[in-house]
2 protein chains.
Amino acid sequence: MLEDTSLRMTRQRRVILEELRAVTSHPTADEMYEMVRRRLPKVSLGTVYRNLEILAESGVVLKIDVGGTKKRFDGNVAVHHHLRCVACGRVDDVELDPGVDLEALAAARTDYDILRHRLEFVGVCPACKAKEG
Amino acid sequence: MLEDTSLRMTRQRRVILEELRAVTSHPTADEMYEMVRRRLPKVSLGTVYRNLEILAESGVVLKIDVGGTKKRFDGNVAVHHHLRCVACGRVDDVELDPGVDLEALAAARTDYDILRHRLEFVGVCPACKAKEG
DNA sequence: GTCGTTGCAAACGGTTTGCACCGTC
DNA sequence: GACGGTGCAAACCGTTTGCAACGAC
């Protein structure tokens, strides 16, 4: 992936990408900062932000914005959807084939050129269900 | 709607709600502030934020978060989906029946209790298509 | 050696909040 | 008259940016 691009491969960038890919938790930028800091204690938060942005722009990772205030990042760029817990904010993956071409349906009802879509579910995760009883 | 709730009806709150309902443009909080200020020149931005929050919490209006930095608000609480222009940021409505129960599909693939979902399309609006040629 | 990248710290922008006064109920 | 709402300004918090030193190519 990254290997195919013309991005300069600094130690910071490599570690950020490795850490993001090692995890399925859709971390926020500051969670990434903590993860990366374990391996590169002198890394700066600005570097984490800059690299996540660059990696997202080049399509190597996904920037996701599932409601809430903070942006989250995803090392899995395959098509999939997200599930956010209203109680704790965690974001999980859900693979789901609607069986219909949603973008085609939308295109038929508007003059926009449709580029992509986002389908996100909001609910209560198993852990929070247990807590709430 | 608001009439059914126990909310105290101040002049500011009434004007905010009227202005939001008079429009289909999904304004941001500061756009609402400008709209309301034409009728109540002394209104404060904090009041606009507080009331939009309260109205959204009580289900009288919709708070929408279609990517981008600023939250937007929608006086139309009927089920519908949104279409965001990547070029200018405008948000339009699109009514669309996927013909399948997306939440049921998702529920079958997860242990979350699913409460709701968001389906949003991203594209280029007619005006920006024209500009871009 | 070049020029993109880093660490640092300060700035930014949208949103929230503490407070004393005000107005709805 | 009580108590929720208001205006104002300052605080907040996630993110971005200017800058001089650094390091990948």
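Numbers restart at 1 for each chain; the letters A, B, ... are given by sequence-line order, proteins then strands.
In the hydrophobic cluster analysis, where Ile, Leu, Val, Met, Phe, Trp and Tyr join through side-chain heavy atoms closer than 4.5 angstrom, A/Val124 is grouped apart from A/Val91.
A/Tyr33 has its OH atom 14 Å from the P atom of C/dT6, to the nearest Å. The nearest whole Å value for the distance from the CD1 atom in B/Ile16 to the C1' atom in D/dG7 is 13 Å. Between B/Arg14 atom CZ and C/dG23 atom C1' the separation is 13 Å, expressed in whole Å. Atom C1' of nucleotide C/dT6 and atom CZ of A/Arg37 are separated by 16 Å, given to the nearest angstrom. Following rounding to the nearest Å, B/Leu40 (CG) and D/dG5 (P) show an atom-to-atom distance of 16 Å. As a whole-Å value, the separation of B/Leu7 CG from D/dG5 C1' is 11 Å. In this entry the distance linking CZ of B/Arg13 with P of D/dG5 reads 5 Å, nearest Å. In this structure, A/Asn51 atom CG and D/dT16 atom C1' are separated by 14 Å, rounded to whole Å.
One cannot find a donor-acceptor pair under 3.5 Å joining the base of D/dG5 and the side-chain atoms of B/Arg8.
Contact annotation: B/Gln12 does not reach the phosphate of C/dG23 (side-chain N/O to OP1 or OP2, under 4.0 Å).
Using a distance-only test at 3.5 Å, with no hydrogens or angles considered, a donor-acceptor pair links the side chain of B/Thr110 to the main chain of B/Tyr112.
Across C/dC8, C/dT5, D/dG5, the shortest atom-to-atom separation from the side chain of B/Thr10 is found for D/dG5.
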TODO: In sequence, state the C-alpha distance, the side-chain angles, and the governing distance for B/Glu95 and B/His80, and then conclude on side chain to side chain donor-acceptor pair (under 3.5 Å).
DONE: CA-CA 5 Å; B/Glu95 272 165 68; B/His80 64 287; over 6 Å; no
Open item on the list: How would you summarise protein contacts on nucleotides 11-18 of chain C per nucleotide, using B for base, S for sugar-phosphate only and - for none, with heavy-atom distances below 4.0 Å?
Closed with: ---SBBBB
